[in-house]
There are 2 protein chains.
Amino acid sequence: MKVTYKGDYALKTILDLALHYDKELVTTHDLAVRIDAPIKFLEQVLSELKKGGFIESRRGNVGGYMLARKPAKITVGEVIRFIDGPIEPIACLKGEYANCSDINKCVFRKVWEDTTKAISGVIDNVNFDDLVSKVKSQQEEPIYSI
Amino acid sequence: MKVTYKGDYALKTILDLALHYDKELVTTHDLAVRIDAPIKFLEQVLSELKKGGFIESRRGNVGGYMLARKPAKITVGEVIRFIDGPIEPIACLKGEYANCSDINKCVFRKVWEDTTKAISGVIDNVNFDDLVSKVKSQQEEPIYSI
DNA sequence: TACTTATCCTATCTGCTTAGTAGGAATTGT
DNA sequence: ACAATTCCTACTAAGCAGATAGGATAAGTA
């Protein structure tokens with residue numbers, strides 16, 4: 001599993017849109033400023049997220065983006081898998097590996113399967129409602145230091 | 001976390017040497033044939049594994065390689081980390097990431113930390129004695145099909 | 001001593017992926 | 001008509017993976 005900049009931008013995009021859910025549309029420009037991403041690169045990420053059914057858009061003068069689903073219905077795992085590809089640590093689990101003469105006898109296979117499950121157990125159990133709550137609780141946090 | 005061919009060859013190398021532990025030295029040639037790796041590429045992997053203290057070598061006519069430690073004292077996690085680098089799914093956990101303005105406020109950080117722990121929980125708890133046992137039990141397995 | 005069989009060392013190469021850039025077409029409200 | 005936006009396609013620079021190449025060095029043996 002490797003989370004690229006593209007995946008990182010995608011996650012931050014979904015989180016930003018989740019914070020504006022049921023309010024106003026978000027433009028690429030505003031998003032790019034807030035998540036600190038190159039706007040032209042971000043455009044491509046947004047295009048993919050739209051194709052993936054994560055977000056919707058409105059073109060023209062007062063256009064912008066919004067989430068296609070409720071934040072609670074989108075998980076980190078879904079987004080990462082869609083943008084950065086399968087989370088398997090090694091290609092052999094996808095059957096795209098030349099060096100597995102007898103895949104059923106490979107003693108490492110179980111290790112990679114267990115690893116994949118362990119990763120899934122984390123990223124598939126965090127949704128964007130959780131993250132929105134976390135962001136909001138951080139903002140409300142009292143200041144303990146003087 | 002991404003396991004490369006190099007990492008895969010390294011793991012298979014350690015396993016093969018574990019299967020020959022306390023017996024004879026293993027040559028690069030024999031190893032290359034058994035694990036199906038290009039010999040010149042494998043040489044580089046062996047060189048790294050030696051630098052990492054996993055294996056020892058003997059040069060010359062009757063040379064070859066052997067494990068530097070007992071199979072039980074080498075884990076899959078150790079080898080992978082040494083050959084393929086840190087298992088963190090994203091660079092921000094290593095502090096090598098430009099896009100984290102305030103790392104303590106990033107709500108994704110915990111996700112990546114939890115992911116890293118989950119992966120470690122698997123790969124750091126498999127050692128090469130476990131794998132040797134598994135290989136041997138597979139070899140002894142009765143044939144159920146006619 | 002010559003020869004063989006090993007490990008060891010360093011440089012080079014090719015294709016792929018990541019991250020980003022560039023330029024403009026299409027759409028929509030004012 | 002104009003401005004602001006999404007949308008589309010192509011290109012590029014840098015880095016990395018996965019080798020390949022050519023030999024130097026070491027050690028046992030006839």
Side-chain angles (χ1 to χ4, degrees), chain A residues 1-13 17 24-33 35-52 54-68 80 83-86 89-92 96-99, chain B residues 1-13 17 24-33 35-52 54-68 80 83-86 89-92 96-99:
Chain A
M1 184 204 195
K2 166 89 187 294
V3 179
T4 65
Y5 269 80
K6 201 188 225 177
D8 183 52
Y9 294 149
L11 292 171
K12 288 175 177 167
T13 290
L17 295 184
E24 66 280 343
L25 292 178
V26 174
T27 65
T28 312
H29 173 82
D30 287 0
L31 195 54
V33 169
I35 74 175
D36 191 24
I39 192 162
K40 284 304 230 176
F41 189 48
L42 186 58
E43 277 185 2
Q44 295 172 36
V45 178
L46 288 165
S47 165
E48 286 190 46
L49 286 173
K50 192 185 171 187
K51 278 180 195 156
F54 295 98
I55 64 177
E56 288 171 0
S57 64
R58 183 173 167 181
R59 302 182 70 171
N61 197 23
V62 291
Y65 293 93
M66 57 177 289
L67 283 193
I80 279 302
I83 297 292
D84 283 336
I90 193 166
C92 70
E96 297 167 3
Y97 203 66
N99 285 40
Chain B
M1 182 202 199
K2 166 88 187 295
V3 180
T4 66
Y5 270 80
K6 201 188 225 178
D8 183 52
Y9 294 149
L11 292 171
K12 287 175 177 166
T13 290
L17 295 184
E24 66 281 345
L25 293 179
V26 174
T27 65
T28 311
H29 173 81
D30 286 1
L31 195 54
V33 169
I35 74 175
D36 192 23
I39 192 162
K40 285 301 226 176
F41 189 47
L42 186 58
E43 277 185 1
Q44 297 170 37
V45 178
L46 289 165
S47 165
E48 288 190 46
L49 286 173
K50 193 185 172 186
K51 279 179 194 157
F54 295 97
I55 64 177
E56 287 171 0
S57 64
R58 181 173 170 183
R59 301 182 69 168
N61 197 23
V62 291
Y65 293 92
M66 58 175 290
L67 283 193
I80 279 302
I83 296 292
D84 282 337
I90 193 167
C92 70
E96 299 167 1
Y97 202 66
N99 285 39

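Letters go in sequence order (proteins before strands), and every chain restarts at 1.
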> At 4.0 Å (heavy atoms only), tell me whether S47(A) reaches a base, stays on the sugar-phosphate, or touches nothing.
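Nothing, no nucleic acid heavy atom in range.
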
> Is any side-chain N or O of Y9(A) closer than 4.0 Å to OP1 or OP2 of dG20(C)?
yes

> Both R58(B) and D84(B) contact DNA chain D. Which one's nearest nucleotide lies toward the 5' end?
D84(B)

> Answer yes or no: side-chain N or O of R59(B) and base N or O of dT25(D) forming a donor-acceptor pair under 3.5 Å.
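Such a pair is found, so the answer is yes.
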
> Does the dG18(D) base have a donor-acceptor partner in the side chain of K40(B) within less than 3.5 Å?
no

> Please name the residue in the list T13(B), I39(B), V33(B) that meets the side-chain contact (heavy atoms from CB on, under 4.5 Å) test with T28(B).
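So the option named by the test is I39(B).
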
> Phosphate oxygens OP1/OP2 of dC8(C): is one of them under 4.0 Å from a side-chain N or O of S57(B)?
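Checking S57(B) against dC8(C): at least one side-chain N or O falls below 4.0 Å of OP1 or OP2.
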
> Could you check which of dC7(D), dA4(D), dA6(C) has an atom nearest any side-chain atom of Y65(A)?
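Of the candidates, dC7(D) comes closest.
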
> Please pick, from dA19(C), dG29(C), dT6(D), the nucleotide with the shortest atom-to-atom distance to any side-chain atom of N61(A).
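For the N61(A) side chain, the nearest candidate turns out to be dG29(C).
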
> Can you see if the side chain of T28(B) gets near the phosphate of dT7(C) - specifically, an N or O under 4.0 Å from OP1 or OP2?
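For dT7(C), OP1/OP2 do have a side-chain N/O of T28(B) under 4.0 Å.
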
> If you compare every side-chain N and O of K6(B) against the phosphate oxygens of dA17(D) (OP1, OP2), does one of them come in below 4.0 Å?
no

> With rounding to the nearest 0.5 angstrom, report the CG to CG distance, L11(B) to D84(B).
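That separation rounds to 8.0 Å.
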
> Taking only Lys NZ, Arg NE, NH1 and NH2, and the carboxylate oxygens of Asp or Glu, determine whether K40(A) and E43(A) approach each other closer than 4.0 Å.
yes

> Let me spell it out: for each of V62(A) and E43(A), pick the nucleotide of DNA chain C with the closest heavy atom. Which residue's pick is nearer the 5' end?
E43(A)

> Tell me the closest heavy-atom pair linking L42(A) and Y9(A), and the distance in Å.
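Answer, listing the atom of L42(A) first, then Y9(A): CD1-CB, 4.4 Å.
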
> Is there a side-chain polar atom (N or O) of T27(B) under 4.0 Å from OP1 or OP2 of dT7(C)?
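Answer is no, no contact under 4.0 Å.
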
> Using only heavy-atom distances, decide whether a donor-acceptor pair under 3.5 angstrom links the side-chain of Q44(B) to the base of dC9(C).
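Side chain to base: no pair below 3.5 Å.
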
